[in-house]
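Only one structure is covered here, and it is reproduced in the block below.
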Number of protein chains: 2
Amino acid sequence: MGINNYKNEDKLIVAVDCIIFGFDKEKLKVLLIQRAFEPEKGKWSLMGGFLKKNETLNEAAQRVLKNLTGLSDIYMEQLEAYSEVDRDPAERTISIAFSALINIEEHDKELQQQYSAQWFSIDSVPHLILDHDLMLERAMRRLRYKTTTQPVGFELLPEKFTMLQLQRLYEAILGKKLDKRNFVSKINSLKIVKRLEEKDRTSSKKGSFLYQFDEARYRKNLVSGFDLRF
Amino acid sequence: MGINNYKNEDKLIVAVDCIIFGFDKEKLKVLLIQRAFEPEKGKWSLMGGFLKKNETLNEAAQRVLKNLTGLSDIYMEQLEAYSEVDRDPAERTISIAFSALINIEEHDKELQQQYSAQWFSIDSVPHLILDHDLMLERAMRRLRYKTTTQPVGFELLPEKFTMLQLQRLYEAILGKKLDKRNFVSKINSLKIVKRLEEKDRTSSKKGSFLYQFDEARYRKNLVSGFDLRF
DNA sequence: CCAAAAGTGTTTCAGTTACACCCATGC
DNA sequence: GCATGGGTGTAACTGAAACACTTTTGG
């Protein structure tokens, strides 16, 4: 706060834009929409909205997400603010980026139709409007850091998943192949998943064990520090 | 952006607040002011200001900092946005926090007088107004991460410094004692400082070599990754 | 010659990486 | 009985942590 009082300060439109990540068996994806109004109508864009006077940025982002996907209680994290004066040629706005992680498989149905929303593989994203390319790039970097540092990757997987699925997820996020044996032993040493009795038999005859993130166990072993950098 | 056009969107006052860190031989400090207007006039506060229509957040933060300290070209990083609806009882505002690193010794003079600015040791900061306590706490966490991950700690030191000063800095940031020998060999293995011929004789008879951050060398050795976590 | 701070190496331990074979099952 | 994917262990290496003595020099 400066030394002025508030009466004469400029007021601006504040937006939120959501980088919505999903994971689909093998590819990391991002959900984009075709922008419905000018400027740049029809071009691909992150889903966004405007902050209302009576809500927090987080609420605005949740609202936007719910609007697009029908989902609430989604993992979401605030990223940076973008404030170039001419970032939006139509009007002076600043925008705060948010990143959301959703599990495509369990929520596939509802979201595809509205706003011409569409999933794009992270390695074949079209050019986006305004400064959204930059937002996406930064969000990716943050995702890499966050998932290797805290147990948020599970948000991208179904409740129950196989080791291989988990490994594929991390491979997709980190953009490199990982060694199966090393991956498994690292995961196990972290003591954050529990192996269920059930098996997934869709991909093999033998079937592979299903695992579940174990929140309680994670908290208990927090001391040892979460580190999934490879 | 939502499906509305811009005309009917709410506009808000947008603020920036600066967490200004300094390092004074042995203690990590933060620069606070006594707030000059209501609400909470006279209480300790981060230095802040309001975003103007024709500037970026970064420019606003630089302006605020220059205003307080007379300094420009200061290392500064954007942190998060704070947007609780009632965070400022006087008016709906959101605030974007910035963190600045300045070298107290080289800039001691100019800043002390204005706005009753005062340096506080990080371990004896008074209670701050609004959500500034939270901002400071988050800024500290970020500082720990950033300084162990990128060579920004040098911003807090004079151009030329001794190994011991550098070690004290990291000890202050990390909040723990470090082993001298391990510290030195880690720093040397990073190849980011160069030893000068000069010595600092203020603190001993033998004198200790002065070092300087070596940007070029840092870039060259970037591949090996910067990691000063202990 | 001694007090005070600077400078310097080695050993141990833990964690990461690289690497290949056996197992269970359905067909 | 064989093809397919699932599951598991060990050896070598690399980096981190623990640890103490010698050097310099002003007084």
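Proteins get letters first, then strands, A, B, ... in listed order; numbering begins at 1 in each. The shown structure was predicted, so the numbers you read here are calculated from the model rather than taken from an experiment.
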Q: Before accepting this row, confirm whether a basic side-chain N of the pair A/D200/A/K160 lies closer than 4.0 Å to the acidic partner's carboxylate O.
A: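 No, no charged N to carboxylate O under 4.0 Å.
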Is a salt bridge present between A/E137 and A/R141, judged by a nitrogen-to-oxygen distance below 4.0 Å?
yes
Spacing of [X] atom [atom1] relative to [N] atom [atom2], expressed in whole Å:
X: A/I187; N: D/dT8; atom1: CD1; atom2: P; answer: 14 Å
X: A/Q167; N: D/dG7; atom1: CD; atom2: C1'; answer: 12 Å
X: B/R201; N: D/dG26; atom1: CZ; atom2: P; answer: 7 Å
X: B/N188; N: D/dG15; atom1: CG; atom2: P; answer: 16 Å
X: B/K199; N: D/dT24; atom1: NZ; atom2: P; answer: 9 Å
X: B/F183; N: D/dA16; atom1: CZ; atom2: C1'; answer: 15 Å
X: B/L178; N: D/dA16; atom1: CG; atom2: P; answer: 13 Å
X: B/K186; N: D/dA18; atom1: NZ; atom2: P; answer: 12 Å

- prompt: Step by step, would you call B/E171 with B/E26 a side chain to side chain contact (heavy atoms under 4.5 Å, CB included)?
  reply: CA-CA 9 Å; B/E171 288 176 336; B/E26 53 172 11; over 6 Å; no
Bounded by its outermost nucleotides with an atom under 4.0 Å from a heavy atom of chain A, the footprint on DNA chain C reads C/dT16 to C/dG26
Task: Greater than 12 external heavy atoms within 6.0 Å of A/K199's NZ - done: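 Yes, enclosed.
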With a cut-off of 6.0 Å (strictly less than), are more than 12 heavy atoms of other residues, nucleotides or ligands near NZ of A/K194?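 Enclosed: over 12 neighbouring heavy atoms sit under 6.0 Å from NZ of A/K194.
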Review point. With nearest nucleotides of DNA chain D determined for B/K205 and B/N182 from heavy-atom distances, which residue corresponds to the more 5′ nucleotide?
Key: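 The residue closer to the strand's 5' end, by nearest nucleotide, is B/N182.
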> Relative to the 5' end of DNA chain D, which residue comes earlier, B/D179 or B/K206, by the nucleotide with the nearest heavy atom?
Replying inline: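 Upstream on the strand: B/D179.
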What one should report as the nearest heavy-atom pair of B/F161 and B/L166 is CE1-CD2, 4.1 Å
Of D/dA17, D/dC19, D/dG6, the nucleotide closest to the side chain of B/R181 is D/dC19
Q: Starting from the C-alpha separation in whole Å, work towards a yes-or-no answer on side chain to side chain contact (heavy atoms under 4.5 Å, CB included) for A/L71 and A/L65.
A: CA-CA 7 Å; A/L71 303 173; A/L65 193 66; 5.5 Å; no
Just call it for [X]: base, sugar-phosphate, or nothing, with non-hydrogen atoms closer than 4.0 Å on any strand.
X: B/K180; value: base
X: B/R195; value: sugar-phosphate
X: B/S203; value: sugar-phosphate

Next item on the list: Take the C1' atoms of the five end pairs on each side of the helix from C/dC1-D/dG27 to C/dC27-D/dG1, derive the two axes, and give their angle rounded to 10 degrees.
Entry: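 Both end axes considered, the difference amounts to 20°.
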Keeping the roles fixed (side chain from A/Y75, backbone from A/G153), state whether a donor-acceptor pair exists under 3.5 Å.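 No, because the side chain of A/Y75 does not come within donor-acceptor range (under 3.5 Å) of the backbone of A/G153.
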Notebook entry, point to check: Have A/Y82 and A/E80 got a donor and an acceptor in their side chains that come within less than 3.5 Å?
Noted result: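 Judged by distance alone, the side chains do pair up.
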